[in-house]
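Here is the structure we will look at, set down as structure tokens.
In each ligand, atom 1 is the first atom listed, and ligand 1 is the first ligand listed. Note that the structure is a prediction, hence the values are computed from the model and not measured.
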Amino acid sequence: MKRAFYIGRFQPFHNGHLTVIDRIIREADELIIGIGSAQLSHDLENPFTAGERVLMITRALEGLSKPYYVIPIEDIQRNSLWVAHIISMTPPFETIYTSNPLVIRLFREAGMPVFSPTLFERESHSGTSIRQRMRSGESWEHLVPPAVVKVISEIQGIDRIRDLDRNDNDPETVQTSGADHV
Ligand code: ATP
Ligand code: MG
């Protein structure tokens with residue numbers, strides 16, 4: 001039984017992530033997806049909750065041919081203990097797939113084999129550029145699986161991101177009638 005571990009923040013889960021998962025299921029028997037920075041949500045870098053990210057991933061992977069587990073993992077503020085923290089939260093695994101330099105280093109130092117899949121159309125397929133598109137009203141839907149478009153619509157995710165982008169002085173947040181205070 002060969003289990004592989006793949007970690008990201010998945011803010012949001014996009015088609016680049018899907019290419020990594022396609023590779024892993026060809027090379028491993030089971031897949032563990034760790035949702036990093038699970039405690040973060042409702043800020044511009046991390047708009048979606050861990051639960052919403054679980055929903056995006058499980059809906060997008062419906063019908064996947066191999067078993068998989070999706071596990072939210074909160075940050076700890078000690079990189080030297082981070083691999084042990086991951087291992088304490090996941091089913092046992094033998095290989096890691098990541099392109100993140102810090103994650104590569106931490107697992108290699110722990111003596112575990114790391115694979116770094118080629119980045120797929122990275123300029124457009126990055127969480128940062130997709131979130132920027134969501135903020136500015138550009139199209140982003142073609143960069144994520146259709147199931148993710150649906151989840152973001154259900155949770156009114158674009159409205160949330162636009163609100164996160166406002167400040168107290170933005171006229172859109174001032175109520176012109178009704179409530180006495182905001
Ligand atoms: P952000 O810009 O918010 O950091 P991201 O696109 O880098 O988002 P992460 O959740 O940080 O997404 O990445 C999770 C993992 O997926 C990392 O190992 C990352 O290198 C990898 N990854 C991200 N984008 C791609 C891509 N286009 N092709 C292949 N792998 C990718
Ligand atoms: Mg990243």
Side-chain angles (χ1 to χ4, degrees), residues 3-28 31-61 64 68-76 79 82-83 85-87 89-90 93-110 112-136 138-149 151-152 155 157-158 160-162 164-165:
R3 236 176 255 113
F5 179 64
Y6 176 44
I7 187 153
R9 286 174 22 260
F10 306 117
Q11 293 277 13
F13 185 77
H14 59 64
N15 289 333
H17 300 140
L18 214 44
T19 66
V20 178
I21 287 172
D22 281 346
R23 172 169 166 192
I24 297 174
I25 61 166
R26 280 186 271 116
E27 297 178 356
L31 163 65
I32 304 162
I33 301 169
I35 298 184
S37 299
Q39 81 282 6
L40 298 181
S41 71
H42 293 81
D43 69 48
L44 285 169
E45 292 292 299
N46 301 278
F48 306 116
T49 67
E52 290 163 348
R53 288 175 276 162
V54 168
L55 203 56
M56 290 177 203
I57 294 168
T58 49
R59 293 248 192 100
L61 298 187
L64 198 75
Y68 68 96
Y69 313 87
V70 183
I71 302 184
I73 298 174
E74 295 190 13
D75 292 329
I76 57 166
N79 288 338
W82 186 74
V83 168
H85 173 58
I86 298 286
I87 288 171
M89 301 291 290
T90 57
F93 58 89
E94 295 73 37
T95 50
I96 298 95
Y97 289 74
T98 182
S99 309
N100 180 290
L102 176 63
V103 177
I104 293 171
R105 165 148 290 274
L106 293 175
F107 277 109
R108 290 225 167 111
E109 284 187 11
M112 300 182 73
V114 179
F115 299 101
S116 295
T118 318
L119 292 172
F120 171 76
E121 295 179 4
R122 177 64 172 167
E123 215 163 291
S124 50
H125 289 76
S126 85
T128 303
S129 99
I130 293 170
R131 291 191 300 277
Q132 183 53 43
R133 283 169 166 271
M134 290 170 162
R135 278 165 80 170
S136 64
E138 285 170 86
S139 67
W140 53 273
E141 292 87 343
H142 58 295
L143 303 169
V144 306
V148 172
V149 177
V151 170
I152 289 174
I155 64 173
I158 303 304
R160 179 187 300 167
I161 287 175
R162 303 255 166 86
L164 295 171
D165 210 13

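- Here the heavy atom of the protein found nearest to atom 21 (C) of ligand 1 is Y6 OH, 3.7 Å.
- For atom 18 (O) of ligand 1, the nearest non-hydrogen atom of the protein is S99 N, 3.0 Å.
- Residue-ligand proximity: E121 is placed with every non-hydrogen atom at 4.0 Å or more from ligand 1.
- For atom 8 (O) of ligand 1, the closest heavy atom belonging to the protein is G127 N, 3.2 Å.
- Considering backbone and side-chain atoms alike, Q11 places every N or O at 3.5 Å or more from each N or O of ligand 1.
- Proximity of I7 to ligand 1, defined as any heavy-atom pair under 4.0 Å, is confined to the backbone N, CA, C and O atoms.
- A donor-acceptor distance shorter than 3.5 angstrom exists from the side chain of Q11 to the backbone of F48, with no hydrogens or angles considered.
- In this structure, the side chain of H42 does not engage the main chain of L164 through any donor-acceptor pair within 3.5 Å.
- Annotation: E138, atom CD; neighbour count of heavy atoms from other residues, nucleotides and ligands within 6.0 Å is above 12.
- Close N/O approach between L119 and ligand 1 is not found [any backbone or side-chain N/O within under 3.5 Å].
- Short contacts between ligand 1 and T98, defined as distances under 4.0 Å to a heavy atom of the residue, involve ligand atoms 18 (O).
- Nearest protein neighbour of atom 3 (O) of ligand 1, counting heavy atoms only, is R131 NH1, 2.8 Å.
- In this structure, the protein non-hydrogen atom closest to atom 4 (O) of ligand 1 is R9 NH1, 3.3 Å.
- At a 4.0 Å cut-off, at least one heavy atom of H14 sits close enough to ligand 1 to count as contact.
- Residue-ligand proximity: Y97 is placed with every non-hydrogen atom at 4.0 Å or more from ligand 1.
- Here the heavy atom of the protein found nearest to atom 28 (N) of ligand 1 is F120 N, 2.8 Å.
- Protein heavy atom in closest approach to atom 23 (C) of ligand 1: R122 NH1, 3.1 Å.
- When atom types are taken as modelled, the side chain of S126 and the backbone of E123 share no donor-acceptor pair closer than 3.5 angstrom.
- Here the side chain of Q39 pairs a donor or acceptor atom with the backbone of D75 at under 3.5 angstrom.
- Within the 4.5 Å cutoff, the side chain of Y68 has heavy atoms near those of the T58 side chain.
- The shortest side-chain heavy-atom distance between I152 and V144 does not fall under the 4.5 Å cut-off.
- For F10 and Y6, the ring centers sit closer than 6.0 Å to each other.
- With R23, H17, R53 as candidates, the residue nearest to atom 13 (O) of ligand 1 on a non-hydrogen basis is H17.
- Counting the atoms of ligand 1 from 1 in the order shown, those under 4.0 Å from a heavy atom of F10 are 10 (O).
- Residues E52 and V151 share a closest heavy-atom pair of O-CG1, 4.2 Å.
- Within the 4.0 Å heavy-atom criterion, the part of V20 lying near ligand 1 is the side chain and not the backbone.
- Numbered from 1 in the order shown, with element, the atoms of ligand 1 that lie under 4.0 Å from a heavy atom of T128 read 1 (P), 2 (O), 3 (O).
- Those atoms of ligand 1 with a heavy atom of S126 less than 4.0 angstrom away are 6 (O).
- Put simply, the side chain of R9 never gets that close to the backbone of N46: no donor and acceptor are under 3.5 Å apart.
- Closest approach of N15 and H142 over heavy atoms only: ND2-O, 3.2 Å.
- For ligand 1, the polar-atom distance check against G8 finds no nitrogen or oxygen pair separated by under 3.5 Å.
- Checked by atom type and distance alone, the side chain of R162 pairs as donor or acceptor with a backbone atom of M134 at under 3.5 Å.
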